[in-house]
Amino acid sequence: MKHIVVLISGNGSNLQAIIDACQQKKINGTISAVFSNKADAFGLERAQEAGIPTHALAASEFASREAFDRQLMQEIDAYAPDVVVLAGYMRILSPAFVARYSGRLLNIHPSLLPKYPGLHTHRQVLENGDEEHGTSVHFVTDELDGGPVILQAKVPVFEGDDEDEITARVQHQEHAIYPLVVSWFLDDRLKMRQNAAWLDGVQLPPQGHAAE
Ligand code: GRF
């Protein structure tokens, strides 16, 4: 059985989608632990409900980002994860953390990367009058939201949409594509090589696998 560790900071709806996919055997693996940098993250309750061990670490108790990440790595490594999944983990990673899990570290970002790295993506889409928005699952590298894209899902933006509406539309897609990518990875179909994502031995284009 392959082991997944998930990192969250908040609601954990993507975590829930991965929990459900594991229970439904759509993912050949099990979530060994969920970590949060926020003790009150609702996602921790979702994990506990599913019988998954949880850990919360408070940044205020560490002298530096490096010290926090060192402790986090030590606790993560106790579970010997095959993949580390960032699911709404709102903390910048130290280079040592990225290096440790390089090639087995996934993130989901709510935009059609390389558009809108960073925060407030939905707001920017509305402000710029974009007609299309979406979400990207990518391998994590040292460049913030800049690692190779694996899979994107697009959503339309309708006239009069507010931030809540497009957030919900994007998240609906996230809950479909993130478990799928985790399943590809654990089935050994997905690799990161030469700063690119490869699926079934084929190098993926910059926008990731073309799934319609
Ligand atoms: C998601 O929209 C994801 O793209 C972003 O943070 C959000 C987390 O939502 N990285 P949730 O905690 O999974 O509900």
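For the numbers below, each heavy atom of this structure counts, side chains included, while hydrogens, waters and symmetry mates do not. All residue numbers in this chain count up from 1 along the given sequence. Just so you know, ligand 1 is whichever comes first in the structure, and atom 1 is the first atom listed for that ligand.
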>> Would you compute the distance between atom CD of Glu49 and atom CD of Glu45 and round it to the nearest 0.5 angstrom?
In response: 9.0 Å
>> Do Gln207 and Val149 make a side-chain contact, defined as non-hydrogen atoms from C-beta onward lying under 4.5 Å apart?
In response: no
>> Set out, in order, the CA-CA distance, both residues' side-chain angles and the distance that settles side-chain contact (heavy atoms from CB on, under 4.5 Å) for Asp145 and Asn107, then state yes or no.
In response: CA-CA 8 Å; Asp145 301 324; Asn107 184 39; 3.6 Å; yes
> What residues come within 4.0 Å of ligand 1, counting heavy atoms only?
Replying inline: Asn11, Gly12, Ser13, Asn14, Gly88, Ile108, His109, Pro110, Gln171, Glu174
> Nearest 0.5 Å, what's the NE2-CG distance between His133 and Leu126?
Replying inline: 8.0 Å
>> Checking Glu66 against Ser94: is there a side-chain donor and acceptor pair closer than 3.5 Å?
In response: no
> What class does the angle between the rings of Phe35 and His55 fall in, given that below 30° is parallel, 30 to 60° is tilted and above 60° is perpendicular?
Replying inline: parallel
